> 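Mind looking over this structure? Questions follow.
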Amino acid sequence: MEEAKRGWDEEPVSRRVFVGSALAGSALAAAAGVFYPLARYLLPESKSGGGKKETYSVALNEVHVGEARFFTFKRKPALIIRKTQTEVVALSAVCTHLGCIVKYHEEAKQMQCPCHGAKYDQTGRVLGGPAPKPLTPYSARIEAGNIVVEEA
Ligand code: FES
């Protein structure tokens with residue numbers, strides 16, 4: 001009898017606790033749903049992925065003087081340009097206007113965007129068109145018969 005009365009008396013309190021816990025849990029889940037993607041977007045990959053720098057390497061004799069080689073770097077298209085026997089450049093191949101992939105024109109020694117006509121020189125500097133800023137440069141060097149690309 002006593003137990004039934006106590007249960008009856010505690011029911012409103014239990015309901016409040018339950019509803020409060022459910023609301024707190026829902027608010028926590030909603031906050032995690034908002035902040036986790038935001039944090040993943042804002043933090044550079046190297047910080048969220050353990051701080052390891054990405055590198056790319058290709059044999060020097062696979063890229064002839066004056067040619068460009070496209071590759072994937074940091075999960076995005078990039079290119080190496082072998083300017084001379086001893087000079088190489090690595091750049092993002094993503095146009096800074098609206099994100100199309102640039103093409104390399106060997107004779108003109110420049111990258112051109114097929115979407116809206118932006119033009120870049122071999123260092124990534126804007127030569128014309130709507131591109132608001134240069135192509136992103138990466139660190140590139142010749143080492144032991146290879147071209148090695150790293151994050152700048
Ligand atoms: S996306 Fe390259 S010029 Fe517009």
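Atom set for the values below is all heavy atoms of this structure, side chains included, hydrogens, waters and symmetry mates excluded. Count residues from 1 along the sequence. Counting starts at 1 for both ligands and their atoms, in listed order. A quick note: this is a predicted structure, and the numbers were derived from the prediction, not measured.
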> Does a side chain donor of either Tyr104 or Gln110 reach within less than 3.5 Å of an acceptor in the other side chain?
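Per modelled atom types, Tyr104 and Gln110 side chains form no pair under 3.5 Å.
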> Please identify each residue that fulfils side chain to side chain contact (heavy atoms under 4.5 Å, CB included) with Val65, with sequence neighbours left out.
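If we apply the side chain to side chain contact (heavy atoms under 4.5 Å, CB included) test to Val65, skipping adjacent residues, the hits are Arg82, Gln85.
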> Say you draw a straight line from OG1 of Thr136 to CZ of Phe73; how long is it, rounded to the nearest 0.5 Å?
11.5 Å
> For atom 4 (Fe) of ligand 1, state how many protein N, O or S atoms fall inside a distance shorter than 2.8 Å.
2
> Between Gln112 and His105, is any side-chain donor less than 3.5 angstrom from a side-chain acceptor?
yes
> Do Tyr56 and Phe71 make the cut of ring centroids closer than 6.0 angstrom?
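Under 6.0 Å, so yes.
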> Do Val126 and Lys133 make a side-chain contact, defined as non-hydrogen atoms from C-beta onward lying under 4.5 Å apart?
no
